[in-house]
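Atoms within each ligand, like the ligands themselves, are counted from 1 in listed order. By convention here, the first residue in the shown sequence is residue 1. Just the heavy atoms: all of them, side chains too, but no hydrogens, waters or symmetry mates, feed the values below.
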Amino acid sequence: MSDIAVRDDRNPLLTPRDLKPGREGWEIVGVLNPGVFVFEGKVGLVLRVAERPPQSQGAITIAYRVGGERSESGVCLRSFDLDDPLLDATDPRVITYDGVTYLTSISDLRLAWSYDGRVFSVEPTPAIEAGAGSEAYGLEDARITRIDDSYHLTYSAVGPAGVSVGHATTTDWRQFTRHGSILPPPNKDVTMFPGTVSGVYRLLHRPSDPEFGGINMWIAESPDLEHWGNHRFLAAPRPGLWDSVRIGAGGPPIKTDEGWIVIYHGADEPNRYCFGAMLLDLKEPSIMRARSSEPIMEPQESYERVGFFGECVFTNGQVVHEEEVVLYYGASDTVVCRATVSMSDIFDSLE
Ligand code: MAN
C-alpha cells in the first residue's frame with residue numbers, strides 16, 4: 001500500500017553521523033522529531049538529539065542528569081547486567097529495572113538551519129539542554145508555534161516523576177526564556193494554536209492515564225499562554241485502525257477556510273507509528289469535524305522501517321506554502337526526513 005506523502009529524494013536529510021556527541025566517548029543514537037519554524041528567511045529545526053554513554057559487553061549502561069545548575073549538571077551512569085532477572089530491556093527506548101523505568105538515551109534540543117529547507121547545518125551545542133530533576137532523562141519532541149513576534153516551544157521533559165510539558169519562548173533564537181512546566185505528568189505532544197481562536201489561546205495535549213480512559217488528545221484554553229484550563233476531550237484512538245492505541249498532535253494546527261487541519265501521529269498494537277490528519281471547527285476547535293481513515297504517511301522506506309525504533313514515522317513540525325505542506329519527520333527514531341503533501345490530498349483523506 002502506498003501513502004499520499006511525497007518523500008524528498010535527499011532523505012534522510014540528517015543522520016547521527018552528521019553530528020558530534022556532546023560528551024567524549026558517547027554515541028548519538030538518534031537525531032529525530034524536529035520542531036520547525038521559519039526565521040529571517042531560513043528554515044530552522046529544533047532537533048531532538050538522543051545520546052547514550054559508552055556500552056560494555058553483556059550489560060546496558062544508562063545515564064541521567066544530576067546536580068544543581070542546568071549548565072553545570074553532571075550525569076550519573078548506571079549499568080545493569082543483561083541476564084539480571086530484574087531487568088526488562090525488550091524496548092530499545094526504555095529499560096525497567098526492579099519496577100523502575102529509565103530511558104536508554106538522554107535527549108537535548110539542538111538547532112539546525114537551512115536556506116533551501118533541505119540542506120541543514122546543525123549547531124554544535126544544545127540550544128536547550130536538559131537539567132536535573134524533572135528533566136533528568138532528557139527533553140524531547142519540541143513543537144514550535146509563532147504567536148506575534150515570539151516563538152513558543154513546547155516539549156516533553158522526562159524525569160523520574162514522569163513526562164511533563166515544558167514551555168520556552170524566544171524572539172531571536174539565541175536567548176530563550178524558560179517558563180517551567182505548563183502541564184504535569186503524564187502529558188506530552190503539546191502544540192499551540194498560532195494565536196487566539198474566538199478570543200482565547202488554545203493548545204492540544206495528550207494526557208494518558210495508564211489505568212483508565214485511553215491515550216487520548218485533549219484541548220485546553222488560556223487567557224495568557226501561561227495558565228491553561230477548560231480542558232476538554234478531543235479524540236481517542238480507533239480500535240482496528242492505524243491509530244488504535246495512542247494518538248498525539250504533530251506541528252501547530254494549520255488554519256484553512258474549512259477549519260483547522262491538525263496533523264497527528266497514531267500507533268497501533270505492534271507499535272507502528274503513522275500519521276494522519278483531523279479537521280477541527282474553525283471557531284470552536286474542541287469540535288472535531290473529520291479525520292483520516294488511512295494514514296497520510298506510514299513507514300515504507302528502509303530508513304522508516306529499520307533503525308533504533310523501526311516501523312516509525314513521527315512528525316511534529318511543518319512549513320505551509322499555501323497548497324503544499326512540507327512535513328519534517330523523524331524516521332525509525334534515528335534520522336530526520338522531509339516529505340510534501342498537498343492540502344487537497346489531506347482534505348481528500350478526511351472522512
Ligand atoms: C513516543 C516518543 C517519540 C517517539 C515515539 C516512537 O511517542 O518518545 O519521541 O518518536 O514514541 O518511539
(message) So for atom CG, which belongs to D149, do other residues, nucleotides or ligands contribute more than 12 heavy atoms lying within a distance under 6.0 Å?
(response) no
(message) Taking 4.0 Å as the limit for heavy-atom contacts, which would you say applies to R246 with ligand 1: side chain only, backbone only, both, or neither?
(response) neither
(message) Using the ring centroid of each side chain, check whether F120 and W113 are separated by less than 6.0 Å.
(response) no
(message) So if I count the atoms of ligand 1 from 1 in the order they appear, which ones are less than 4.0 Å from some heavy atom of R48?
(response) 3 (C), 8 (O), 9 (O)
(message) Could you tell me, atom by atom, which parts of ligand 1 come under 4.0 Å of a heavy atom of F314?
(response) 3 (C), 7 (O), 10 (O)
(message) Give the atom numbers and elements of ligand 1 that come within less than 4.0 Å of a heavy atom of R93.
(response) 5 (C), 6 (C), 11 (O), 12 (O)
(request) Report the member of V163, D141, D189 with the shortest heavy-atom distance to atom 2 (C) of ligand 1. (result) D141
(message) If the cut-off is 4.0 Å to any non-hydrogen atom of F309, which atoms of ligand 1 fall inside it?
(response) 6 (C), 12 (O)
(request) Provide the number and element of each atom of ligand 1 under 4.0 Å from a heavy atom of N33. (result) 3 (C), 4 (C), 9 (O), 10 (O)
(request) Would you mind checking if R178 and E135 are paired as a salt bridge, meaning a charged N to carboxylate O distance below 4.0 Å? (result) yes
(request) State whether R93 and D91 are salt-bridged, where the test is any N-O pair (Lys NZ or Arg NE/NH1/NH2 against Asp/Glu carboxylate O) under 4.0 Å. (result) yes
(message) Which residue and atom name correspond to the protein heavy atom nearest atom 10 (O) of ligand 1, and how close is it?
(response) D333 OD1, 2.7 Å
(message) With respect to Y273, determine whether any N or O atom, backbone or side chain, lies less than 3.5 Å from an N or O atom of ligand 1.
(response) yes
(message) Do the side chains of R48 and D108 get close enough for a salt bridge, i.e. N-O under 4.0 angstrom?
(response) no
(request) Supply the atom-to-atom distance Y329 OH to L32 CG, rounded to the nearest 0.5 angstrom. (result) 13.0 Å
(message) Here's one to test your reading of the geometry: is the NZ or CZ of R202 within 45 degrees of the ring axis of F193 and under 6.0 Å from its centre?
(response) no
